[in-house]
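So that the names make sense, note that chain A is the first sequence line, chain B the second, and so on, each numbered from 1.
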Amino acid sequence: MFTRSSTLWRYVAPLCVTAAIAAAVITLFGADPLSTAGSWWNGIVGTPFTIGQTLEIASVLALTGLAAAVPFSARLWNVGGEGQLYAGAVGAVTVALTMPAGTPAWGVVVCALSGGSAAGAAWGLIPGGLRAFVGASEMIVSLLLNFVAVLAAQFVISNAFPDSTGQTTRPLRNGVALPQIWSVGGVDLGLPLVVVVVVTTWFVMQRSTFGFSVRAAGAGIRAAELAGLAGRRVTFATFGLAGAFAGLAGALLILGGSGQLSRGISANYGFLGIAVALIAGLRILWVAPAAIVLAALTVGSNSLEVSEGVPRAIGAVLVTLLVVTLLGSRAIGIKASR
Amino acid sequence: MSASTIVLLAITIQLMMPLAWAAFGEIISERSGVLNVGLEGAVLIGAWGAAVGSSNSGSLLVGLISGLASGFVLGLVLAVLYVWRGVDQVVGGVMINLFAIGFTSAMWAKFEGDAAGKNFPRVSVPGLSELPVVGKVLFQQNVLVYAVVVFALALALVLRRTQIGLLLRATGESPDAVDGAGWDVRRIRTVGVTVGTTLGALGGAALVLTASSGRFVTNMSGGIGFIALGVVLLARWKPVVALIVAAAFGFLQALQSRAQSITWLNDVPSEFLLMLPYLGAIVVVAISRGSRYPAALGVAWSRGS
């Protein structure tokens, strides 16, 4: 009985702490916490458009969540999802803008999605390769590559395909976009695509030899190597796969969104993916609901700036507070090994 | 040596300073056994705290103190997470960095003061500043630059020659032995983490108080805390070596800010010049793979585990 109530407490206490800090911060900005909570909720489910926005961002966060969850399962630190997302966005834009003019729109979309994933995978293989073959810290390298990718995207924006303003790339040709499946909410084919990706990844991680070697590596690389599984191959493959997921997320932001690459195309979606993976407890199927919750928090906080005078950055503050307090209460976490 | 090269080197030393403070913070933290990936967040929070303090008071000293205080508070939070709750130091640190980005940008809007931004003035060292080349490069800097050099030497001495230094290193190498000798491992690590983030915050405060408009800019730390992780690796946790490595990174940053006046850099797009410090840090991490980490680095300690 005691253990049960203390397990429950591990979830309740962080939620209370986060809510209390949220209320304090909202009061600080001169707004009423209860009415802000109402506006928040309204900003999520108020109109079909906000619901659609939540689903669109959730599909991006589910992919960046996978980009963290798969390597984390092998105890490899891919904290470069943000950079891999930017690499994917650059790849998608480059492919879409350089395809021959006669290519049918759907062909351009398919090639751009593949190009985005490939670019993300290539970006992910840099830290993966350096870890596997040189032994360099994949954590620091992937963190640093985030900055390089953002700068590379800026170069593509201002030098490779600039529009007249120089703030974004030129728009894609008319019709080069993912088809809408729910036009009122602005939801496109990216959503079912992501559902398929999540379920497939779950199946692979559960049922295949590859998935087993990833989890074996997570339980202790040395033990896995004794069992005849190549640690290097796991490192290389998980980083390639993670990069492809995040790269696809970047491609979706282009082909399912504005159709242009701009500087702020990702609102830290790559980093929020790490929060998604942690809240999901690195369980692949749980990545989807965790992504929806964090997407809802993000979309809801976007509306607060106008309605309540509370800056939208409050969304990121609350998400990270929640994750940090959940980590601190040991409700979620990564088992220490060594 | 041309005047333009001398300016380039003087800026190199100036840009070395914030990175060196962050690197010293990480050295102390890692020597005590805590890998602080949240250092980047400490730099950012320090910059925010300094900007809030100086823009509300108009005083550089108040700015400096409020920057340090912000880093100290963040250090206490991190110590609770890493040392007392055993939270994984990589994911905990990454989340704290993300928190710092959101927190500082939301809170700058609220706490920005009206006082004009100020910078620490350059102080010429009597006599030495008259030397050719070296005088302009090294001895006409602001006081935080001189302080960081003195600190490097002092830290090296403390780590190598004093009981406190020995205790700190032992806690990172063999916490069980430290515990067995009757010391409190967790308390030593709490001090290590907190001093580490406070120094990281000093690096952030320096960004605001010596080299910009005196105002906070969203995410202005720009990866200094992450580059510092690489600096510490290459320097193998030695302060004086870290200072030299930080100067090399200062040079990479200085190239960008002086690109207009360097002919052979005129045609290189600015984005590629801005990438240089990050690419340099990646190379550094790749070639430091043989570095022997403190043996107990990154693992939370509890008795009997």
Item to complete: For B:F111, look at atom CZ and say whether over 12 heavy atoms of other residues, nucleotides or ligands are found less than 6.0 Å away.
Response: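 It does: B:F111 CZ has more than 12 such atoms within range.
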Discussion item. Does B:D114 have more than 12 heavy atoms from other residues, nucleotides or ligands lying within 6.0 Å of its CG?
Written reply: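 At most 12 heavy atoms, drawn from other residues, nucleotides or ligands, come within 6.0 Å of this atom.
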Measure distances from [X] to the heavy atoms of chain A and classify the residue's part below 4.5 Å as side chain, backbone, both or neither.
{"X": "B:I101", "result": "side chain"}
{"X": "B:V285", "result": "both"}
{"X": "B:F272", "result": "side chain"}
{"X": "B:A281", "result": "both"}
{"X": "B:L35", "result": "side chain"}
{"X": "B:L81", "result": "side chain"}

Can you name the nearest heavy-atom pair linking [X] to [Y], along with the distance?
{"X": "B:G222", "Y": "A:F147", "result": "C-CE2, 3.5 Å"}
{"X": "B:F226", "Y": "A:I140", "result": "O-CG2, 4.1 Å"}
{"X": "A:V317", "Y": "B:F103", "result": "CG2-N, 3.3 Å"}
{"X": "B:M95", "Y": "A:F271", "result": "CE-O, 3.9 Å"}
{"X": "B:G92", "Y": "A:L327", "result": "CA-CD1, 4.2 Å"}
{"X": "A:F29", "Y": "B:M107", "result": "CE1-CE, 4.1 Å"}

Can you tell me which portion of [X] sits under 4.5 Å from chain B's heavy atoms? Options are side chain, backbone, both or neither.
{"X": "A:V148", "answer": "both"}
{"X": "A:L278", "answer": "side chain"}
{"X": "A:V324", "answer": "both"}
{"X": "A:A277", "answer": "neither"}
{"X": "A:S329", "answer": "backbone"}
{"X": "A:L272", "answer": "both"}

Discussion item. Between B:E271 and A:N159, is there a side-chain heavy-atom distance shorter than 4.5 Å?
Written reply: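 Yes, at least one pair of side-chain atoms sits under 4.5 Å.
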Discussion item. Between B:V91 and A:F72, is there a side-chain heavy-atom distance shorter than 4.5 Å?
Written reply: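 SC-SC contact between A:F72 and B:V91 confirmed.
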Item to complete: Let me see the working for A:Q154 and B:S270 under side chain to side chain donor-acceptor pair (under 3.5 Å), right down to the final yes or no.
Response: CA-CA 10 Å; A:Q154 280 182 19; B:S270 64; over 6 Å; no
Fill in: Choice from B:V87, B:V37, B:I227, B:V90 maximising heavy atom contacts with chain A below 4.5 Å
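Looking at each option in turn, the highest pair count goes to B:V90.
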Practice prompt. Could you have a look at B:V80, B:N97, B:L98 and say which one has the most heavy-atom pairs with chain A under 4.5 angstrom?
Written response: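 The residue among B:V80, B:N97, B:L98 with the greatest pair count is B:L98.
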Worksheet item: Counting only N and O atoms by type, is there a donor-acceptor contact under 3.5 Å from the side chain of B:K110 to the main-chain atoms of A:L28?
Response: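 A pair under 3.5 Å: yes.
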Practice prompt. Give a yes or no on whether the backbone of B:R85 and the side-chain of A:R330 come within a donor-acceptor separation of less than 3.5 Å.
Written response: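 Yes, A:R330 side chain to B:R85 backbone: donor-acceptor pair under 3.5 Å.
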Worksheet entry | B:L279 side, atom CG; A:L145 side, atom CG - distance, nearest 0.5 Å |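 B:L279 CG to A:L145 CG: 8.0 Å, rounded to 0.5 Å.
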Discussion item. Evaluate A:V319 against B:F99 for side-chain contact (heavy atoms from CB on, under 4.5 Å), listing each step before the verdict.
Written reply: CA-CA 8 Å; A:V319 166; B:F99 167 81; over 6 Å; no
Worksheet item: Between A:G315, A:P127, A:A313, which has the largest tally of heavy atom pairs under 4.5 Å with chain B?
Response: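 Winner by heavy-atom pair count: A:A313.
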